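Keep in mind it's a predicted model, so treat the numbers as computed, not measured. The analysis underlying the following values was restricted to heavy atoms, covering all of them including side chains, and did not include hydrogens, waters or symmetry mates.
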Amino acid sequence: MRLQCFVAVLCLGAGAMAGKYSRDVNEQKPGGGDGQTVEFRVAKLNQVWEKAQRTPLSPVRQAELHSDLKIQEKDELQWKKMKVEGLDENGEKEAQLRRNFNVILAKYGMDGKRNTRPLESNFLKDHDAKEGDVFDDPRLDKLWNKAKNSGKFSNEELLSLKREFQHHKDKTHEYDILMDTVSRTEEIHKNVISPLEGDAKEHVLQQKHTDLKLKMRDLNQGFERLRKLSHEGFTEDSEFREPRVIELWEAAKRTNLSNDELASLKEELRHFETKVEKHSHYQEQLELSHQKLRHVETLGDEEHIKRNQEKYNTLAEKTREMGYKMKKHMQDLSNKISSRGLEHNEL
């Protein structure tokens with residue numbers, strides 16, 4: 001009898017240790033055992049961040065990656081709670097998280113694939129490229145050159161327009177990444193043997209195709225807006241200047257929200273636009289601070305280097321923090337517009 005009790009206690013202890021080990025591997029503590037600070041609680045996100053610091057990403061891109069990883073961390077930790085409560089039975093949320101993670105890896109060239117796109121810091125084009133090609137897309141470059149030479153835009157308006165073009169280019173890139181993810185998922189889907197597994201993966205595929213259709217619709221609408229702007233210029237009653245804010249406002253106007261709801265949302269978007277502009281300002285300051293630090297390092301004055309390094313580190317931390325808050329706010333606004341739009345459309 002005593003032997004049976006002893007074996008039972010051993011099994012329970014082993015199970016507890018196994019569960020603890022699994023949690024420790026996947027959810028890290030803020031401080032490592034060697035006293036080193038762990039940036040993210042999810043192990044794979046921490047690995048990506050550590051790898052990013054060894055790659056030639058610019059300071060602004062590193063800050064952007066950090067913000068994206070923080071958003072991913074928030075979503076993954078929320079999903080873990082959902083899973084424990086049995087709220088993701090069909091695995092749809094898990095599949096979406098995996099897709100978002102793959103998009104982040106590809107977006108920053110950390111998916112292990114050879115990056116054939118030109119580096120963002122390399123403004124020199126190949127001899128075959130035409131002068132004035134900026135966006136690596138003939139349609140966008142043609143529109144941009146027409147707008148730039150039209151005389152309809154002030155310097156400030158041209159900067160705003162260029163941000164919209166760049167935003168559209170980034171969205172097109174993310175669409176390409178998502179389409180590649182869907183293609184790879186379909187290849188896996190072909191090799192499924194179990195009918196039950198097949199049904200579950202079929203559902204995930206349908207969801208991905210729906211996402212692709214929505215993103216393609218948004219891209220088409222975005223390009224149409226750019227085409228119209230390039231021909232007609234900004235109107236005096238243009239509500240916003242920041243591309244991400246414009247995108248949210250255009251999406252809100254396509255829903256059946258009441259006038260009062262739209263007016264309330266417009267006010268919230270104005271506050272959000274201020275946040276986006278402030279974040280952009282910090283990104284510019286971070287880039288300047290990095291250039292100054294590199295210059296100071298060539299002079300070899302240790303005290304001067306230390307002061308500039310401290311300033312740069314503080315600015316980088318502030319930029320990452322603001323980027324996370326801005327992206328989280330955008331995510332909340334996007335979800336709010338989508339859900340309210342769906343509610344109204346179902347009525």
Can you tell me how far [atom2] of [Y] sits from [atom1] of [X], rounded to the nearest 0.5 angstrom?
X	Y	atom1	atom2	answer
L286	T314	CG	OG1	11.0 Å
S334	E247	OG	CD	8.0 Å
L140	N145	CG	CG	11.0 Å
H167	L226	NE2	CG	9.5 Å
K215	L219	NZ	CG	8.0 Å
L248	L269	CG	CG	6.0 Å

Legend entry - For D75, all residues meeting side-chain hydrogen bond (donor to acceptor under 3.5 Å, both in side chains), sequence neighbours excluded: Q331
Inset, instruction - State which residue, out of E273, R163, E164, M330, fulfils the side chain to side chain contact (heavy atoms under 4.5 Å, CB included) condition with R244. - result: M330
How close do [X] and [Y] get, heavy atom to heavy atom, and via which atoms?
X	Y	answer
K51	T55	O-CG2, 3.2 Å
L158	K148	CD2-CA, 3.9 Å
E239	W249	CG-NE1, 3.5 Å
I177	K107	CD1-N, 3.7 Å
D141	F135	OD1-N, 2.8 Å

Inset, instruction - Report the C-alpha separation of E94 and R98 in whole Å, then their side-chain angles, then the decisive distance to 0.1 Å, and conclude whether the salt bridge (Lys or Arg N to Asp or Glu O under 4.0 Å) test is met. - result: CA-CA 6 Å; E94 183 180 10; R98 193 181 303 116; 3.6 Å; yes
Legend entry - Trace of the salt bridge (Lys or Arg N to Asp or Glu O under 4.0 Å) decision for E64 with R61: CA-CA 5 Å; E64 284 284 288; R61 290 288 283 171; 5.9 Å; no
Is there a path from [X] to [Y] through hydrophobic residues (I, L, V, M, F, W, Y) whose side chains come within less than 4.5 Å of each other?
X	Y	result
I71	L105	no
L77	L69	yes
F101	F40	yes
Y324	L45	no
V48	L97	no

Legend entry - Centroid separation H168 to Y175 less than 6.0 Å: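 No, they do not, as the ring centres are separated by 6.0 Å or more.
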Legend entry - Check: E39/H66 side-chain N/O donor and acceptor closer than 3.5 Å: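 Their side chains do contain a donor-acceptor pair, which is all the 3.5 Å distance test asks for.
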Inset, instruction - Would you please say whether a donor-acceptor pair under 3.5 Å links the side chains of K146 and H231? - result: yes
Find out whether [X] and [Y] are in side-chain contact, i.e. whether some heavy atom of one side chain is under 4.5 Å from a heavy atom of the other.
X	Y	value
F165	L161	yes
Q309	N313	yes
T298	H295	yes
M326	K278	no
W49	Q62	yes
I305	L299	no
L143	F223	yes
E50	N46	yes

[X] and [Y] ion-paired at < 4.0 Å:
X	Y	answer
R320	E317	yes
K327	D68	yes
E321	K325	yes
K44	E76	yes
D218	R254	yes
E303	K306	no
E174	K171	no
K336	E268	yes

Step through the shown structure and confirm whether more than 12 heavy atoms of other residues, nucleotides or ligands are within 6.0 Å of [atom1] on [X].
X	atom1	result
K253	NZ	yes
E310	CD	yes
K162	NZ	no
N220	CG	yes

Check whether any side-chain N or O of [X] sits under 3.5 Å from a backbone N or O of [Y] as a donor-acceptor pair, and report yes or no.
X	Y	result
S264	E261	no
Q285	Y282	no
S338	N335	no
H173	K169	no

Legend entry - Trace of the salt bridge (Lys or Arg N to Asp or Glu O under 4.0 Å) decision for R227 with E224: CA-CA 5 Å; R227 190 194 63 76; E224 181 57 29; 2.6 Å; yes
Legend entry - Any residue meeting ring pair (Phe, Tyr, Trp, His ring centres under 6.0 Å) with Y312, in chain and number order, not counting sequence neighbours: H290
Legend entry - F272: partners by ring pair (Phe, Tyr, Trp, His ring centres under 6.0 Å), with sequence neighbours left out: H329
